[in-house]
2 protein chains.
Amino acid sequence: MNRPDTGSDNGHVPTAKKKTTVSATPERRRELLNTAAEVFAAQGYNATTVRRIADEAGMLAGSLYYHFDSKESMVDEILSTFLTELWDGYDAVLAADLGPRETIEALVTESFREIDRHRAAVAIYQKESKHLAAQPRFGYLTESQQKFEKAWLGTLERGVADGAFRADLDIRLTYRFVRDTVWVAASWYRPDGHHSPEEIARQYLSMVLDGIARRD
Amino acid sequence: MNRPDTGSDNGHVPTAKKKTTVSATPERRRELLNTAAEVFAAQGYNATTVRRIADEAGMLAGSLYYHFDSKESMVDEILSTFLTELWDGYDAVLAADLGPRETIEALVTESFREIDRHRAAVAIYQKESKHLAAQPRFGYLTESQQKFEKAWLGTLERGVADGAFRADLDIRLTYRFVRDTVWVAASWYRPDGHHSPEEIARQYLSMVLDGIARRD
DNA sequence: TAACCTACCAAACACTTGTTAGGGAACGGT
DNA sequence: ACCGTTCCCTAACAAGTGTTTGGTAGGTTA
């Protein structure tokens, strides 16, 4: 995403980069990012101290700076990694060129799968992206949000023109409605629950598409 | 329309009243709470410094402590005031003893009215209530949430038994769905928009009850 | 005039924050 | 045996945090 060398991973080419504290084994790095994401999601980014993260990881605060060069770059890497994977899935769906209704169904299902895999990252994204996006470093958050809106709004418009969706609704309101109902699930979703992401997606889609009132 | 002063200290539910620096004219106090709420909502509670609030109010940080005895008690008063008014509205709806569908409609409409009047407080509530509720001082947040769940879940259950709502949906999932769709609106709602709270409520209800897919 | 209250300022305090510098133990390669 | 790397610790720093203390201009009351 915003990482300088997004190309092929682990390029061993000795770039003229300064020591960006990159471990040879990114294994521990990911471990630490996971615990950091968990704490960020639970307490909020600003309320989380690096000492708390280090504590949770079984080390001291200063030691974190061997792996990362700032608290900010931790949340940066968490969010950009998540968004990269998210768009891998979304782009695949959009490239399939399905009908409007099927596209919505696929996007919702894919979203719940991402929530399942990146629960913490999604929670962080929801809470913090708004004021993080103000910093130029996190410009990709705004970009992603615009791309997001374009994909969903476009699909909804196609669906209205196509007759799949109701034409009497404010389409921007509908967009926010669908978007929010999907992503807020990250705030209560627990992967150990009995609902699989696909099952939750099915029920959500049933509500969003057909409503909760009984039909006669 | 500004509300006529409630006269008797609108005893907000939660906080134990000790010797709190209470002004003779609560007017300035409310002014300060409004600006504080605005900053809290925009930046997040932890990311907001008392110096920033004071700056926005045109005074110095220490001066705030003439009106309030801590930053925490500011957000406390903001949230408890909001919840008190919210439950005034909810209790009136519930006391009317309407049918399940009409109750849901009335609750949703009332919710959007509250969002209209307390946009900042609602935004704060959504972002911060989760970790604020951990402190005993904010126990009323948990209480309110339980009361909330009871009212909504009960109404949904009545509606299923009654035939107004579909019986094939997971009712807890439906509850979270309806609850979230309503309250996340506070994150994008702007009172200067062209939609009145009632109009937004109408569209939301239309989507939640009947779905966005076109019926044949 | 004198006492008093309101609403603020000025300046500090104690503490927490993210971050850095230097060092050292373990380990593998040569 | 030597070197280099990896990964962490110890100990501090400077900036920022919420909060307190003492003071004071202006208005109101007696």
Side-chain angles (χ1 to χ4, degrees), chain A residues 10 12 14-15 17-37 39-40 42-78 124 128 131-132 135 137-138, chain B residues 5 9 15 18-37 39-40 42-78 124 128 131-132 135 137-138:
Chain A
N10 60 10
H12 291 296
T15 58
K17 252 340 232 167
K18 280 197 64 172
K19 43 160 187 175
T20 52
T21 64
V22 173
S23 165
T25 62
E27 190 181 332
R28 181 86 176 117
R29 193 186 176 81
R30 270 211 311 256
E31 265 183 44
L32 292 175
L33 278 181
N34 280 340
T35 71
V39 184
F40 283 151
Q43 324 239 359
Y45 174 71
N46 285 284
T48 299
T49 72
V50 298
R51 281 170 177 81
R52 181 79 164 76
I53 298 175
D55 208 50
E56 210 79 15
M59 55 201 270
L60 290 186
S63 307
L64 280 175
Y65 288 79
Y66 170 75
H67 301 274
F68 311 97
D69 37 67
S70 71
K71 177 188 176 186
E72 211 178 66
S73 67
M74 293 189 212
V75 80
D76 187 351
E77 194 163 336
I78 290 170
I124 297 169
E128 321 286 352
H131 38 99
L132 285 183
Q135 296 174 253
R137 168 174 200 166
F138 293 93
Chain B
D5 135 51
D9 162 82
T15 59
K18 44 184 198 176
K19 182 111 173 257
T20 51
T21 56
V22 174
S23 163
T25 60
E27 189 180 334
R28 182 83 176 120
R29 193 184 176 81
R30 271 212 311 256
E31 263 182 45
L32 293 174
L33 278 181
N34 280 341
T35 71
V39 184
F40 283 151
Q43 323 238 1
Y45 173 71
N46 285 284
T48 299
T49 71
V50 297
R51 282 171 178 80
R52 182 78 164 78
I53 298 175
D55 209 49
E56 210 80 14
M59 56 201 272
L60 292 186
S63 307
L64 281 175
Y65 288 78
Y66 170 73
H67 300 275
F68 311 97
D69 39 63
S70 72
K71 177 188 175 186
E72 211 178 66
S73 67
M74 292 188 213
V75 79
D76 186 352
E77 193 163 338
I78 290 169
I124 297 169
E128 321 286 352
H131 39 101
L132 285 183
Q135 297 174 252
R137 170 175 199 168
F138 293 92

Quiz item: For B:Phe138, which residues count as a ring pair (Phe, Tyr, Trp, His ring centres under 6.0 Å) partner, sequence neighbours excluded?
Solution: none
Exercise. With B:Glu77 as reference, evaluate B:Lys71, B:Arg29, B:Arg137, B:Arg30 under the salt bridge (charged side-chain N to carboxylate O under 4.0 Å, His left out) test and give the passing residue.
Key: B:Arg29
Exercise. Examine D:dC9: is either OP1 or OP2 under 4.0 Å from a nitrogen or oxygen in the side chain of A:Ser63? Give yes or no.
Key: yes
Return the polar atom pairs (N/O with N/O) between nucleotides 27-29 of chain D and the protein under 3.5 Å, or none.
none

Quiz item: Between atom OH of B:Tyr66 and atom CZ of B:Arg28, what is the distance when rounded to the nearest 0.5 Å?
Solution: 11.5 Å
Practice problem: Quick one: list whatever passes side-chain contact (heavy atoms from CB on, under 4.5 Å) with A:Arg51, sequence neighbours left out. | Solution: A:Thr49, A:Ala61
Quiz item: What nucleotide among C:dC9, C:dA7, D:dC7 has an atom nearest to a side-chain atom of A:Tyr66?
Solution: D:dC7
Quiz item: Do any of residues 55-62 of chain B sit with a heavy atom less than 4.0 Å from DNA chain D, and if so which?
Solution: B:Gly62
Quiz prompt | Residues in side-chain contact (heavy atoms from CB on, under 4.5 Å) contact with B:Glu56, at least two apart in sequence or another chain | solution = B:Val39, B:Arg52
Exercise. Whole angstrom is fine here: how far is it from CG in B:Leu64 over to C1' in C:dA10?
Key: 15 Å
Report, one pair per line, the protein and nucleotides 15-18 of chain C atoms (nitrogen or oxygen only) whose separation is under 3.5 Å.
unit_1: C:dG18; atom_1: OP1; unit_2: A:Thr48; atom_2: O; d: 3.1
unit_1: C:dG18; atom_1: OP1; unit_2: A:Lys71; atom_2: NZ; d: 2.9
unit_1: C:dG18; atom_1: OP2; unit_2: A:Val50; atom_2: N; d: 3.0
unit_1: C:dG18; atom_1: N7; unit_2: A:Arg51; atom_2: NH1; d: 3.0
unit_1: C:dG18; atom_1: O6; unit_2: A:Arg51; atom_2: NH2; d: 3.0

Quiz item: Whole Å only: how far is the CZ atom of A:Phe68 from the P atom of C:dT20?
Solution: 15 Å
Quiz item: Should B:Arg28 be listed as having a side-chain N or O under 4.0 Å from OP1 or OP2 of C:dT6?
Solution: no
Quiz prompt | D:dC8 OP1/OP2 closer than 4.0 Å to side-chain N/O of A:His67 | solution = yes
Practice problem: Check whether any side-chain heavy atom of A:Asn46 lies under 4.5 Å from a side-chain heavy atom of B:Tyr45, and answer yes or no. | Solution: no
